[in-house]
Amino acid sequence: MSYRTYTANMHGTADPGCKNENVSPTPAQQARAARIAAQIAGDLAQAGFILPGTLTERMTRCGRANCRCHADPPRLHGPYHQWTRKVGGKTVTRILTDDQLADYQPWFDRQRRLRDLIAQLETLSQEIADQDPRWDR
Ligand SMILES: [Zn+2]
């Protein structure tokens, strides 16, 4: 019974008499794309900079054997603001001072927000492209 229903649905989807044969985002999908695009445009319209890579807080040990960071229990150095990014396939790491972090934090935040919005738009576009009936031809 349920198998028959499933089969009928499959045939209904692939119905060759269907006239709707182009990529056709639903009104809801179009509205969502417009919302995301407006947010991206709003972000880009503001004068501002973006920095690539990721920021992490790191605790470290130094090379001095009698330092507190080698004690038991150890008291590590830091936290340090570590900026990691890829340059020509290689990972480049820099340590930011507190005032550098204060200056650059908005640049990293902005990059993350834009990347997240682009990712949302990509996911939505992928969903729409996946529903394109011409894949079945
Ligand atoms: Zn140390």
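Note that ligands are numbered from 1 as they come in the structure, with each ligand's atoms numbered from 1 the same way.
The distance from the Zn ion (ligand 1) to the nearest N/O/S atom of His70 is not under 2.8 Å.
A donor-acceptor contact shorter than 3.5 Å links the side chain of Gln29 to the backbone of Thr26. The backbone N or O of Cys62 sits less than 3.5 Å from a side-chain atom of His70, completing a donor-acceptor pair. Distance alone, capped at 3.5 Å, is enough to place a donor-acceptor pair between the Arg68 side chain and the Arg75 backbone.
Geometry about the Zn ion (ligand 1) gives an angle of 110° between SG of Cys69 and SG of Cys62, rounded in steps of 10 degrees.
Between the Zn ion (ligand 1) and the N, O or S atoms of His77, the shortest distance is to NE2.
The side-chain contact (heavy atoms from CB on, under 4.5 Å) check on Glu122 picks up Ile118, with sequence neighbours excluded.
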